[in-house]
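One structure, pasted below without further comment.
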Amino acid sequence: MEHMKVFNTLTRKKEEFIPIKEGEYKIYVCGPTVYNYIHIGNARPAVIFDTLRRYLEYRGNTVRYVSNITDIDDKIIKKANEEGVSFDTVARKYESEYYTDLDGMNVKPADARPRVSDTIPEIIDITQTLMDKGHAYKTENGDVYFRVHSFAEYGKLSHQPLEDLESGARIAMGEIKESPVDFALWKASKPGEPQWASPFSAGRPGWHIECSAMSKKHLGETIDLHCGGEDLIFPHHENEIAQSECASDKIFAHYWMHNAFLNVDNQKMSKSLNNFFTVRDISKEYGYEVIRYFLLTAHYRSPLNFTREIIAQCKSSLERIYTAREQLDFLMANTTGTQDTIKAAADKAKADFISVMNDDLNTADGLSKIFELVTAINTTGTLQTKQALEYAATMFDELCGVLGILYNRKTDEIPQQVKDLVAERSEVRQAKNWKRADEIRDELAALGYEVKDTPQGPQILNK
RNA sequence: GGUGCCAUAGCCAAGCGGUAAGGCAGAGGUCUGCAAAACCUCUAUUCUCCAGUUCAAAUCUGGAUGGCACCUCCA
């Protein structure tokens, strides 16, 4: 069995991606904190790792894919208090909006989409285990902290010596910790905060413990891959490793993948710079699919710059793919050709596509392989047999499907009214009545259709 | 200060030791009643700069310059 290669943050090397059980991958992706609409930066891991999943499935594997919702968090609580509603009112709203955006970008629903608020017993359980094993301690006010110095491998993901981390760490107001690097597993609740009963105190979980608990609950103690944005490497993922491995005495995840950040006008997105874009707003202007396409145009470990100019370019590029696909359908219905050389071109595109995707998910190169097939189709057109074109179309759809693009094709039956207008237009064109012909084109446009005149007759496009 | 990453045409971007993929934009042409799309040709003798290694470097090494990230619960 051939495996793709991925860059493993743990070893900082490209490695063969070998699952625990051949043909089955267990993947956990850190999801968003739901206190607002997601921004385009949030969309990057969602789309990239969805593409990884699609690719692994395309290559014949089964994938168990889990992505969480962080619905207990300071920012959510703050927003809820501002609006005078409960935290879960805020969380449920933006969770729902998040899924609307994911659906818009053609991200397949995860097999499990756990919420922190539904995982409290498991969180308490791990916390208790860590305390029992001496990896965690409780303070007077009811907080529970992880004892970082009890885990010798701490820092193995971020590749930072503990001393350096220690010098950079801060102690927040009111924290009483043995070491500045220790982090909260459980926080005793303060007034105005949601709380859950626990053996430690009435309180709520810390940030990092939730992913350890949800990953274990839905995928087991050891998984194949854990991924997320590169900012999560430290402290979030480092801490997850510490918690999970100390609790289970097993490897938490064999592979770690992290996507680079997305910038706007070459600057970090931030509210103060006023360069903050939500997926929702961009989708209204350009459509969701262009966002997905855009995210695939660069390698996931490279920084990606977002500007309106670049998005506009992506829209044109995507258009070329759509046009070729529509052309393919038209050709299949009208070709009189006898060749089948397009089959070889399609086979080559597929083989090349697999080759570049195997190399650490090179989606940018993957797209270029689709464009090579586009050119082959556009060049050879009516010379090919119907069967050969069908073969190419199947391959075309396969590859686009792996990248998750080309999902907005209009496949509705063309209305009789439109067909009649096109027929009338053909007649008046025969009579060289160009005025009426152009009128009809306008009428068709008003109905949402476009007509192109080709040597094989009029091609009707649903726009 | 510690740890990493990046620099390829007007724009986006792959390539990572063997002589510059792909897309967008642009110019000219073909086709067309006009369109649209498509096709053909052109658009980096060169990969930020300077040294070095090598038969061979955008690709490796050293240095410089510029940009970015993490070490601050931001994907």
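Sequence lines set the chain letters: A, B, ... in the order given, protein chains first and strands last, and positions in each chain run from 1.
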**Q.** C73(B) - base-pair partner by Watson-Crick or wobble geometry, distances under 3.5 Å
**A.** none

Q) Which part of the nucleic acid, if any, lies within contact of Lys187(A), taking any heavy atom under 4.0 Å across all strands shown: a base, the sugar-phosphate backbone alone, or nothing? A) base

Q | Pair partner, G26(B) [Watson-Crick or wobble, under 3.5 Å] | A | C42(B)

(Q) If I take atom CZ in residue Arg12(A) and atom P in nucleotide U3(B), what distance separates them, rounded to the nearest angstrom? (A) 10 Å

Q: Starting at atom CG of Leu162(A), determine the distance to atom C1' of C71(B), rounded to an integer number of angstrom.
A: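 Distance, rounded to whole Å: 13 Å.
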
Q: Indicate yes or no: does Lys79(A) engage Glu82(A) in a salt bridge with an N to O separation below 4.0 Å.
A: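 No salt bridge links Lys79(A) with Glu82(A).
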
Q.
With a 4.0 Å limit, can you tell me whether Asn378(A) has a side-chain N or O closer than that to the phosphate oxygens OP1/OP2 of A38(B)?
A. no

Q. Mind checking the C1' distance from A35(B) to A75(B)? Whole angstroms is fine.
A.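 That atom pair is separated by 45 Å.
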
Q) If you round to the nearest 0.5 Å, how far is CE of Met395(A) from CZ of Phe353(A)? A)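 The distance works out to 12.0 Å.
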
Q. When rounded to the nearest Å, what value does the distance between P atoms of G10(B) and U45(B) take?
A. 9 Å

Q: Would you indicate what Val356(A) reaches in the nucleic acid, counting non-hydrogen atoms under 4.0 angstrom: base, sugar-phosphate, or nothing?
A: nothing

Q) Base, sugar-phosphate, or nothing: which does Lys452(A) touch, judged by heavy atoms less than 4.0 Å apart? A)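 Result for Lys452(A) = base.
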
Q | Atom C1', compared across C24(B) and U59(B): separation rounded to whole Å | A |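 It comes out at 26 Å once rounded to the nearest Å.
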
Q) If you pin Tyr300(A) and Pro455(A) to their nearest nucleotides in RNA chain B, which one's is more 5'? A)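 It is Tyr300(A) whose nearest nucleotide is closer to the 5' end.
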
Q. Are OP1 or OP2 of A75(B) and a side-chain N or O of Asn259(A) less than 4.0 angstrom apart?
A. no

Q. Which residues within residues 225-238 of chain A lie with some heavy atom under 4.0 Å of an atom in RNA chain B?
A. Gly228(A), Gly229(A), Glu230(A), Asp231(A), Leu232(A), Phe234(A)

(Q) Restricting to non-hydrogen atoms, name the atom on Ile405(A) and the atom on Glu289(A) that form the minimum distance, rounded to 0.1 Å. (A)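 Heavy atoms only, the tightest pair is C-OE2, 3.5 Å.
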
Q: Answer yes when Glu97(A) and Lys93(A) have at least one side-chain N-carboxylate O distance shorter than 4.0 Å, and no when they do not.
A: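 Looking at Lys93(A) together with Glu97(A), the answer is yes, because their closest N to O distance falls below 4.0 Å.
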
Q) Counting side-chain heavy atoms from C-beta on, which of C34(B), C70(B), C73(B) comes nearest to Arg441(A)? A)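 Given the options C34(B), C70(B), C73(B), the side chain of Arg441(A) is closest to C34(B).
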
Q: Measure the distance from CZ on Arg44(A) to C1' on C68(B) and round it to the nearest whole Å.
A: 13 Å

Q) Quick one: do Lys78(A) and Asp74(A) make a salt bridge, cutoff under 4.0 Å? A)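 Here Lys78(A) does not pair with Asp74(A) in a salt bridge, since their nearest N and O are not under 4.0 Å apart.
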
Q) What is the nucleic acid contact for Asp453(A), judged by heavy atoms within less than 4.0 Å: base, sugar-phosphate only, or nothing? A)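 The answer is base, as Asp453(A) lies within the cut-off (heavy atoms under 4.0 Å) of a base atom.
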
Q) So what does Arg301(A) hit on the nucleic acid, given a heavy-atom distance under 4.0 Å: a base, only sugar-phosphate, or nothing? A)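 If one applies the 4.0 Å heavy-atom cut-off, Arg301(A) turns out to touch nothing in the nucleic acid.
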
Q. For Leu262(A), which contact category applies under a 4.0 Å heavy-atom criterion: base, sugar-phosphate, or nothing?
A. base

(Q) Tell me whether Glu424(A) is salt-bridged to Arg429(A), with the criterion being a basic N under 4.0 Å from an acidic carboxylate O. (A)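 No.
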
Q | His258(A) (side chain) and A75(B) (base): donor-acceptor pair under 3.5 Å | A |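 No pair found.
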
(Q) To the nearest 0.5 Å, what is the distance between CD1 on Ile209(A) and CZ on Arg204(A)? (A) 14.5 Å

Q. Is there a Watson-Crick or G-U wobble partner for A64(B) with both distances under 3.5 Å, and if so, which one is it?
A. U48(B)

Q. Any ion pair linking Lys187(A) and Glu193(A) (charged N to carboxylate O, less than 4.0 Å)?
A.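 Lys187(A) and Glu193(A): not salt-bridged.
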
Q) A58(B) and C49(B): how far apart are their C1' atoms, nearest whole angstrom? A)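 These two C1' atoms come out 14 Å apart once rounded.
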
(Q) Just the rounded figure in Å: distance from P of G4(B) to CZ of Phe7(A). (A)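 For the pair Phe7(A) CZ and G4(B) P, the rounded distance is 11 Å.
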
Q: Tell which nucleotide pairs with U54(B), taking only Watson-Crick or G-U wobble pairs whose two distances are both under 3.5 angstrom.
A: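 In the structure as shown, U54(B) has no Watson-Crick or wobble partner.
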
Q) Under 4.0 Å between a Lys/Arg side-chain N and an Asp/Glu carboxylate O for Arg292(A) and Asp50(A)? A) yes

Q.
What's Glu450(A) touching, base or sugar-phosphate or nothing? Going by heavy atoms closer than 4.0 Å.
A.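 Sugar-phosphate, backbone atoms only, no base.
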
Q. Is Phe261(A) stacked on the base of A75(B), with ring centres under 5.5 Å apart and planes under 30° apart?
A.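 According to the criterion (under 5.5 Å, under 30°), yes, Phe261(A) stacks.
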
Q) Say you draw a straight line from OH of Tyr286(A) to NZ of Lys315(A); how long is it, rounded to the nearest 0.5 Å? A) 9.0 Å

**Q.** Atom C1', compared across U53(B) and G1(B): separation rounded to whole Å
**A.** 33 Å

**Q.** Residue-phosphate contact under 4.0 Å: Asn362(A) side-chain N/O, G15(B) OP1/OP2
**A.** yes

Q: Describe the nucleic acid contact of Gln160(A) in one word from base, sugar-phosphate, nothing, applying a heavy-atom distance below 4.0 Å.
A: base

Q: Specify the residue among Thr323(A) and Ala437(A) whose closest nucleotide of RNA chain B lies further upstream toward the 5′ end.
A: Ala437(A)

Q.
Could you tell me how far G52(B) sits from C71(B) if I compare only their P atoms? Round to whole Å.
A. 41 Å

**Q.** Residues, nucleotides or ligands: over 12 heavy atoms within 6.0 Å of Lys419(A) NZ
**A.** yes

Q | Check: Gly155(A) main-chain N/O paired with Gln160(A) side-chain donor or acceptor under 3.5 Å | A | no

Q.
Please classify the nucleic acid contact of Arg425(A) as base, sugar-phosphate, or nothing, using heavy-atom distances under 4.0 Å.
A. base

(Q) Side-chain N or O of Lys78(A) versus OP1/OP2 of C73(B): is the shortest distance under 4.0 Å? (A) no

Could you list, one pair per line, each protein nitrogen or oxygen that sits under 3.5 Å from a nitrogen or oxygen of nucleotides 19-26 of chain B, together with the distance?
| unit_1 | atom_1 | unit_2 | atom_2 | d |
| --- | --- | --- | --- | --- |
| A21(B) | O2' | Glu372(A) | OE2 | 3.2 |
| G23(B) | O2' | Ser317(A) | OG | 2.1 |
| G23(B) | N2 | Gln313(A) | OE1 | 3.0 |

Q.
Once hydrogens and angles are ignored, does a donor-acceptor distance under 3.5 Å link the base of G33(B) to the side chain of Arg429(A)?
A.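 For Arg429(A), whose side chain was compared with the base of G33(B), there is a donor-acceptor pair (under 3.5 Å).
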
Q.
Taking the C1' atom in each of C34(B) and U41(B), what is the distance between them to the nearest angstrom?
A. 25 Å

